[in-house]
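Working notes, structure below.
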There are 2 protein chains.
Amino acid sequence: MAKTKDENTENSILNAAKNVFQSKGMDGARMQEIADKAGINKAMLHYYYRSKQLLFEAVFKNAFALLAPQLNKVLNDDSSIEDKIRNFTSNYISFIIKHPYLPAFIIQELNRNPSFILKLKQNKGFPNLEKFKKQVNLEIEQKLIKPIHAEQLFINIMALNIFPFVATPLIKAFANINDKAFKQLMKDRKEEVADFIINSIKI
Amino acid sequence: MAKTKDENTENSILNAAKNVFQSKGMDGARMQEIADKAGINKAMLHYYYRSKQLLFEAVFKNAFALLAPQLNKVLNDDSSIEDKIRNFTSNYISFIIKHPYLPAFIIQELNRNPSFILKLKQNKGFPNLEKFKKQVNLEIEQKLIKPIHAEQLFINIMALNIFPFVATPLIKAFANINDKAFKQLMKDRKEEVADFIINSIKI
DNA sequence: ATTTAGTTTAACCATTTGGTTAACAAAAGT
DNA sequence: ACTTTTGTTAACCAAATGGTTAAACTAAAT
């Protein structure tokens with residue numbers, strides 16, 4: 001396929017692998033297809049990455065490293081809960097529109113192999129709820145927001161932002177809309193979702 | 001595996017196939033494993049279902065047929081929006097706790113092959129938003145709920161209810177909780193999610 | 001009792017797939 | 001100049017995999 005200045009072979013392999021793995025998953029991906037897309041011989045894949053498993057892990061870690069900082073924004077910055085939610089929602093949806101396969105890929109592969117997340121958890125920078133919890137409880141005490149468990153609020157924020165990009169075909173079918181209308185709906189959500197959440201918790 | 005009165009072979013195959021396909025997906029599933037779990041010879045799979053693809057489709061249609069009526073409850077019954085949301089949320093989460101693999105399976109396979117949903121769309125009983133849209137707009141006119149696009153509200157309801165069961169490993173890792181705590185969190189959501197939605201749209 | 005239709009099995013087959021090997025080319029050290 | 005290291009290829013391999021076949025078994029129908 002297009003080899004738009006992939007510089008070195010190692011990188012063009014990773015790019016091709018990203019493509020194939022993210023659209024077909026570990027089980028559906030074929031080493032031959034990755035090699036073809038990278039424009040090289042299949043043996044090169046093993047020369048640079050030893051095995052399908054290791055190549056996959058390189059792709060997965062890359063993908064996760066892209067997603068994690070986005071989540072940390074909600075959890076670890078110092079603005080108010082309301083500002084956080086507005087910022088995060090707008091940024092996150094913009095981000096995902098650029099990487100539409102990402103969330104479904106990560107979720108699918110973690111379901112296939114849940115123990116894989118244990119490795120990721122050890123990295124520093126792995127999202128952690130502690131600070132967010134304290135902040136939520138503080139704002140509840142200060143009567144800034146209605147009582148809610150921080151975990152539930154966090155799940156709700158994730159769900160409202162991520163779900164449509166994971167269940168795209170389902171939503172398109174139920175709402176009976178085409179690709180263009182779906183994209184518009186997602187753009188609208190940048191504001192709608194934040195309003196929806198804040199409406200619910202604001203006193 | 002356990003062959004607890006599976007009656008006929010055809011059914012025990014379908015059961016085994018359900019197990020394997022729903023936990024490993026189409027690409028990860030192996031005919032041999034299905035045969036072993038059903039306690040029969042691999043040739044029987046082809047005798048009764050001709051091919052992996054057809055066996056898979058039988059499982060998938062079964063799964064979808066289980067999910068669709070649940071969604072139609074929100075869309076086509078005659079109670080108020082508020083009652084619908086409360087009923088649906090409580091029922092749906094109970095339902096999914098009994099079939100935890102279902103939503104991830106359906107979403108994963110539709111992402112793998114989005115055109116597959118076209119076949120399903122032709123079935124009557126396929127969820128449709130028209131009635132729900134009218135009702136939402138009516139209740140907005142009557143000042144019973146705040147203005148919101150019906151599609152967005154529907155997406156939000158789906159997201160808040162379904163997402164945690166699709167992204168279970170992710171949520172468990174972020175919230176740093178074990179299986180027991182996660183299950184409790186999900187039970188709590190039966191009420192919390194409905195409150196969250198209604199808080200947001202109620203005037 | 002014998003035919004017939006449906007069910008089940010073991011052995012087999014062709015293809016696909018991840019991975020390896022050996023030869024070769026091109027840089028990089030010396 | 002030559003030796004070593006790195007990058008690349010084509011051909012090959014063993015295992016796995018979906019699928020087929022022909023024969024055997026079973027039970028009801030004739």
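First the proteins, then the strands, lettered A, B, ... as listed; each starts at 1. Predicted model only: the values in this text are computed from it and were never measured.
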For atom [atom1] of [X] and atom [atom2] of [N], their distance in whole Å:
| X | N | atom1 | atom2 | answer |
| --- | --- | --- | --- | --- |
| Met44(B) | dA10(C) | CE | P | 12 Å |
| Tyr47(A) | dA23(C) | OH | C1' | 15 Å |
| Tyr49(B) | dT20(D) | OH | P | 17 Å |
| Tyr48(A) | dT6(D) | OH | C1' | 8 Å |
| Glu33(A) | dG18(C) | CD | P | 11 Å |
| Asp36(B) | dA10(C) | CG | P | 12 Å |

Pair [X] + [Y], salt bridge at N-O below 4.0 Å:
| X | Y | value |
| --- | --- | --- |
| Lys172(B) | Asp179(B) | yes |
| Glu191(B) | Arg86(B) | no |
| Glu109(B) | Arg112(B) | yes |
| Glu33(B) | Lys37(B) | yes |

Terminal axes of the helix from dA1(C)-dT30(D) to dT30(C)-dA1(D) (five pairs each): angle between them, nearest 10 degrees: 10°
Where Ala167(A) and Ile107(B) come nearest, the two heavy atoms and their spacing: CB-CD1, 3.9 Å
Letter per nucleotide, 5' to 3', of nucleotides 11-19 of chain D [B base touched, S only sugar-phosphate touched, - untouched; heavy atoms, 4.0 Å]: ------SBB
